[in-house]
There are 2 protein chains.
Amino acid sequence: MADKFEQWPADVDFGVLGDLIGYAIRRAQIGIYKDFDASVTRLTPPLFAALVLIDANPGINQSRLGQIMGTNRAAMMALLDRLAAMKLVRRVPSASDKRANELQLTDLGQKRLASASAEVAAHDARIAGNLTAAELKTLRHLLKKF
Amino acid sequence: MADKFEQWPADVDFGVLGDLIGYAIRRAQIGIYKDFDASVTRLTPPLFAALVLIDANPGINQSRLGQIMGTNRAAMMALLDRLAAMKLVRRVPSASDKRANELQLTDLGQKRLASASAEVAAHDARIAGNLTAAELKTLRHLLKKF
DNA sequence: TATTGTTATACTCTATAACTATA
DNA sequence: TATAGTTATAGAGTATAACAATA
């Protein structure tokens with residue numbers, strides 16, 4: 001059993017890390033990822049994000065999806081190969097650009113996305129549980145300034 | 001050359017991701033990591049964090065450092081092996097607990113930490129550049145609620 | 001019994017470089 | 001020339017399982 005993650009243990013001197021806004025965000029992220037992994041079955045955060053983006057932008061190609069997710073074509077390949085092996089995503093050769101693949105969710109992909117979305121929504125509500133609606137709005141607004 | 005990362009491209013439908021505070025934090029994190037990598041030479045974010053924590057808590061042992069950083073002993077080993085190979089960190093057998101190592105920075109580690117801290121401070125100031133001091137304080141306060 | 005360090009092992013994520021087919 | 005997909009390769013980060021030494 002992994003030890004429980006303490007956000008900012010009081011008995012630890014964080015040195016300069018305590019002054020860095022980048023580290024404060026990283027620190028929040030660690031706890032969020034752990035809760036995601038414990039809450040969502042069979043999908044990692046990048047896998048889930050890819051499913052949502054393909055569903056919301058059907059026919060998007062691999063390179064563009066990589067750009068959006070902040071990675072590159074080669075890394076995107078590995079991620080899509082796994083989603084394809086899970087039968088969740090389909091690569092359809094584009095008619096308008098013979099170099100490109102248009103990405104689509106399979107029927108199973110749609111179902112998995114629906115069930116995962118419910119798990120993720122519950123997870124997100126839990127991690128945001130200590131924040132009011134107004135605080136969440138403020139946080140969202142401030143994060144967009146990066 | 002990697003494409004520039006756009007925080008929230010206007011022509012993309014983010015679907016349910018746009019409603020998740022966890023994804024908003026993840027999104028900010030992507031840009032921050034890219035700027036860190038471009039700004040700080042020879043150290044990754046976890047490596048830098050470990051140096052700061054060892055410096056601020058000299059004699060701390062490996063397991064405790066792993067707990068603080070949100071990882072485990074085995075993962076900590078790999079990270080410390082690399083810092084030791086770089087001659088930045090030393091493992092000193094503890095006199096009070098013969099199972100444990102006390103972690104210390106070497107002289108080179110101290111110097112590297114000092115130069116990296118300057119790079120990281122500049123990086124952090126850059127990524128926070130669009131936020132006022134009051135906004136940063138609010139953001140820090142809200143992030144601690146996770 | 002529990003904890004510390006350790007090793008073996010594996011999976012995920014990410015990146016660079018080079019190739020091919022097409023634009 | 002540039003771009004999309006692809007493959008090979010490698011380096012980080014993270015995790016589980018097991019073991020020896022020590023608490």
Side-chain angles (χ1 to χ4, degrees), chain A residues 1-5 26 29-38 40 42-51 59-86 89-103, chain B residues 1-5 26 29-38 40 42-51 59-86 89-103:
Chain A
M1 175 93 82
D3 286 305
K4 197 178 175 205
F5 177 64
R26 163 66 182 152
Q29 182 86 129
I30 294 170
I32 292 172
Y33 260 64
K34 286 183 186 292
D35 190 85
F36 188 105
D37 285 340
V40 184
R42 299 193 297 278
L43 289 177
T44 63
L47 255 22
F48 175 74
L51 288 184
I60 190 172
N61 72 31
Q62 304 184 180
S63 294
R64 179 65 180 137
L65 183 58
Q67 278 177 2
I68 294 168
M69 291 183 62
T71 182
N72 65 12
R73 288 169 299 158
M76 208 63 228
M77 277 296 297
L79 197 153
L80 289 170
D81 283 349
R82 276 194 296 143
L83 288 175
M86 290 185 242
V89 163
R90 199 167 30 222
R91 289 168 160 117
V92 180
S94 167
S96 59
D97 184 341
K98 290 186 177 174
R99 298 170 303 181
N101 288 331
E102 296 184 355
L103 299 171
Chain B
M1 177 91 80
D3 287 305
K4 197 178 176 203
F5 176 64
R26 163 67 182 152
Q29 182 85 135
I30 294 170
I32 291 171
Y33 261 63
K34 286 183 185 293
D35 190 84
F36 187 105
D37 285 339
V40 183
R42 299 193 298 277
L43 288 177
T44 62
L47 255 21
F48 175 72
L51 288 184
I60 190 172
N61 73 31
Q62 303 184 184
S63 294
R64 179 63 181 142
L65 182 59
Q67 277 178 1
I68 295 168
M69 291 183 62
T71 182
N72 65 15
R73 287 169 300 157
M76 209 61 229
M77 277 294 299
L79 197 154
L80 288 169
D81 283 349
R82 275 195 296 141
L83 287 175
M86 290 185 243
V89 163
R90 198 166 31 220
R91 289 167 161 118
V92 180
S94 166
S96 59
D97 184 340
K98 290 187 177 175
R99 298 170 303 181
N101 288 330
E102 297 184 355
L103 299 172

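The sequence lines fix the lettering, A, B, ..., with proteins before strands; numbering per chain opens at 1. Just so you know, these numbers come straight off a predicted model, no measurement behind them.
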Colleague: Among D/dA15, D/dT14, D/dG5, find the nucleotide with the atom closest to the side chain of A/Ser63.
Modeller: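 Closest nucleotide among those given: D/dG5.
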
Colleague: Decide yes or no for B/Phe5 and B/Ile30: does some side-chain heavy atom of the first lie under 4.5 Å from some side-chain heavy atom of the second?
Modeller: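 Side-chain contact under 4.5 Å: yes.
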
Colleague: Among the nucleotides D/dT14, C/dT4, D/dA17, which one has an atom lying closest to any side-chain atom of B/Ala78?
Modeller: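 Side chain of B/Ala78 sits closest to D/dT14.
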
Colleague: Can you check the A/Arg64 CZ to D/dA4 P distance for me, whole Å?
Modeller: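 That distance rounds to 10 Å.
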
Colleague: To the nearest Å, give me how far apart CG (A/Leu80) and P (D/dA4) are.
Modeller: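 Interatomic distance, CG of A/Leu80 to P of D/dA4: 14 Å.
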
Colleague: Give the nucleotide from the list C/dT4, C/dA15, D/dA4 with an atom nearest to the side chain of A/Ala75.
Modeller: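 The nucleotide sitting nearest to the side chain is C/dA15.
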
Colleague: In this structure, how many angstroms lie between the C1' atom of C/dT12 and the CG atom of A/Leu83, rounded?
Modeller: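 Taking atom C1' of C/dT12 as the reference, CG of A/Leu83 is at 13 Å.
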
Colleague: Do A/Arg91 and A/Asp81 come close enough that some side-chain heavy atom pair is under 4.5 Å?
Modeller: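 In short, these two side chains touch, coming nearer than 4.5 Å.
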
Colleague: For the side chain of A/Gln62, starting at C-beta, report the closest nucleotide among D/dA15, D/dT14, D/dT6.
Modeller: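 Within the option list, the nearest is D/dT6.
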
Colleague: For A/Met77 and C/dC19, what is the distance between atoms CE and P respectively, to the nearest whole Å?
Modeller: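 Rounded to whole Å, this separation is 18 Å.
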
Colleague: Given that B/Asp37 and A/Asp97 both sit by DNA chain C, which one's nearest nucleotide is further toward the 5' end?
Modeller: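 It is B/Asp37, whose closest nucleotide lies nearer the 5' terminus.
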
Colleague: Check every atom of C/dT14, C/dA17, D/dG5 against the side chain of A/Ala74 and return the nucleotide holding the closest atom.
Modeller: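 Nucleotide nearest to A/Ala74's side chain: C/dA17.
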
Colleague: Taking the nucleotide of DNA chain C with the nearest heavy atom to each, does B/Arg73 or A/Asn72 sit closer to the 5' end?
Modeller: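 Final value for this comparison: B/Arg73.
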
Colleague: Without decimals, in angstroms, what is the distance between A/Asn101 CG and D/dT3 C1'?
Modeller: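 So the two atoms are 14 Å apart, to the nearest Å.
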
Colleague: Taking the side chain of B/Thr71 as its heavy atoms from C-beta onward, which of C/dT14, D/dT14, C/dG5 lies nearest to it?
Modeller: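 Within the option list, the nearest is D/dT14.
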
Colleague: To the nearest Å, give me how far apart CD (B/Gln67) and P (C/dA2) are.
Modeller: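 Atom CD in B/Gln67 sits about 16 Å away from atom P in C/dA2.
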
Colleague: Classify the nucleic acid contact of A/Arg42 as base, sugar-phosphate or nothing, counting any heavy atom under 4.0 Å across all strands shown.
Modeller: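 It contacts nothing in the nucleic acid.
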
Colleague: Starting at CG of A/Leu65 and ending at P of C/dT14, how long is that distance when rounded to a whole Å?
Modeller: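 Computing the A/Leu65:CG to C/dT14:P distance gives 12 Å.
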
Colleague: OP1 or OP2 of C/dA15 versus the side-chain N and O atoms of B/Lys34: is any pair under 4.0 Å?
Modeller: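 For C/dA15, OP1 or OP2 has a side-chain N or O of B/Lys34 closer than 4.0 Å.
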
Colleague: Whether the B/Gln29 and B/Arg26 side chains hold a donor-acceptor pair (N or O, under 3.5 Å, no angle test) is what I'd like checked.
Modeller: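 There is no such pair (donor and acceptor under 3.5 Å, judged by atom type) between the side chains of B/Gln29 and B/Arg26.
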
Colleague: Quick check: do A/Met77 and A/Gln62 have side-chain heavy atoms less than 4.5 Å from each other?
Modeller: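 With C-beta onward as the side chain, the pair touches.
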
Colleague: Measure CE/A/Met76 against P/C/dA15 and give the value in whole Å, please.
Modeller: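 Computing the A/Met76:CE to C/dA15:P distance gives 12 Å.
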
Colleague: Can you find a pair of side-chain heavy atoms, one from B/Ser94 and one from B/Asn61, that are under 4.5 Å apart?
Modeller: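 A side-chain contact is absent here, since even the closest heavy-atom pair is not under 4.5 Å.
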
Colleague: If you check every side-chain atom of B/Arg99, which of C/dT7, D/dA2, C/dA2 has the closest atom?
Modeller: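 Within the option list, the nearest is C/dA2.
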
